[in-house]
Amino acid sequence: EDQVTQSPEALRLQEGESSSLNCSYTVSGLRGLFWYRQDPGKGPEFLFTLYSAGEEKEKERLKATLTKKESFLHITAPKPEDSATYLCAVPHSGGGADGLTFGKGTHLIIQP
Amino acid sequence: NAGVTQTPKFRVLKTGQSMTLLCAQDMNHEYMYWYRQDPGMGLRLIHYSVGEGTTAKGEVPDGYNVSRLKKQNFLLGLESAAPSQTSVYFCASRGNTYEQYFGPGTRLTVT
């Protein structure tokens with residue numbers, strides 16, 4: 001059974017204080033790992049896709065990395081507008097099934 | 001492009017009432033999905049469609065039905081709403097790669 005576990009559940013940082021969010025996964029035959037950002041009352045917004053171990057993707061203050069067991073979302077010098085819930089997800093690996101298996105997310109708060 | 005849109009944004013139902021949620025996408029995507037999001041549970045797949053005229057069950061399909069009569073639309077129906085169906089419902093779509101693009105959600109309360 002596919003499993004995606006995110007940690008920590010919540011993280012409070014001061015503006016400019018860099019940190020990392022973790023996403024560990026168990027899936028048969030990884031077909032990509034996705035990071036999303038979700039603001040309160042909104043739908044998840046796609047950020048990155050990672051396909052293979054060693055791959056990295058960057059966007060502004062965010063960098064996503066991937067190993068064979070986990071992914072990290074590194075946040076460098078965050079600003080208050082980076083506050084959101086960050087979700088990671090993998091495609092279902094079951095035969096014939098489609099859709100994404102999501103972690104429960106990390107709720108990130110950046111204080112000015 | 002509007003991307004993925006959902007109507008309505010909010011709805012309150014009484015137990016036993018029925019309703020239909022509409023999802024529309026303008027990206028010419030073949031694949032469409034319905035998820036529900038509950039506190040502490042994350043996003044869970046209800047039903048999905050791999051093309052016009054097709055539907056399939058996801059992780060939590062009971063109590064819901066879907067239809068995909070047109071490629072751009074995916075409807076989610078509740079025939080007899082129950083309080084356990086109080087949730088936020090998200091529609092998503094994708095093309096030939098696996099990343100999905102989500103709509104803004106429908107917040108449903110069943111009393």
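Order of the sequence lines fixes the chain letters, A, B, ..., with proteins taken first and strands second; residue numbering starts at 1 for each chain.
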* To do: Verify the cluster assignment for B:Tyr98 and B:Met32: are they in a single hydrophobic cluster under the rule of side-chain heavy atoms below 4.5 Å apart?
  => no

* Asked: Cluster question for you: counting only ILVMFWY and a side-chain heavy-atom cut-off of under 4.5 Å, with indirect links fine, are A:Trp35 and A:Leu100 together?
  ->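 In one cluster: no.
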
Part of [X] lying under 4.5 Å from any heavy atom of chain A:
X: B:Arg94; answer: side chain
X: B:Gln37; answer: side chain
X: B:Val4; answer: neither
X: B:Leu45; answer: side chain
X: B:Tyr33; answer: side chain

* B:Tyr48 and B:Tyr31: aromatic ring centres closer than 6.0 Å? -> no

* Which bit of A:Tyr36 is near chain B, if near means a heavy-atom gap under 4.5 Å: side chain, backbone, both or neither? -> side chain

* To do: Measure distances from A:Pro91 to the heavy atoms of chain B and classify the residue's part below 4.5 Å as side chain, backbone, both or neither.
  => side chain

* Does a side-chain heavy-atom distance below 4.5 Å link A:Cys88 with A:Tyr86? -> no

* **side-chain contact (heavy atoms from CB on, under 4.5 Å), paired with B:Leu76, selected from B:Val66, B:Asn65, B:Thr106** =>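 Only match with B:Leu76 under side-chain contact (heavy atoms from CB on, under 4.5 Å): B:Val66.
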
* Asked: salt bridge (Lys or Arg N to Asp or Glu O under 4.0 Å) between B:Glu30 and B:Lys71: does it pass, once the steps are laid out?
  -> CA-CA 7 Å; B:Glu30 287 290 341; B:Lys71 184 177 183 178; 3.1 Å; yes

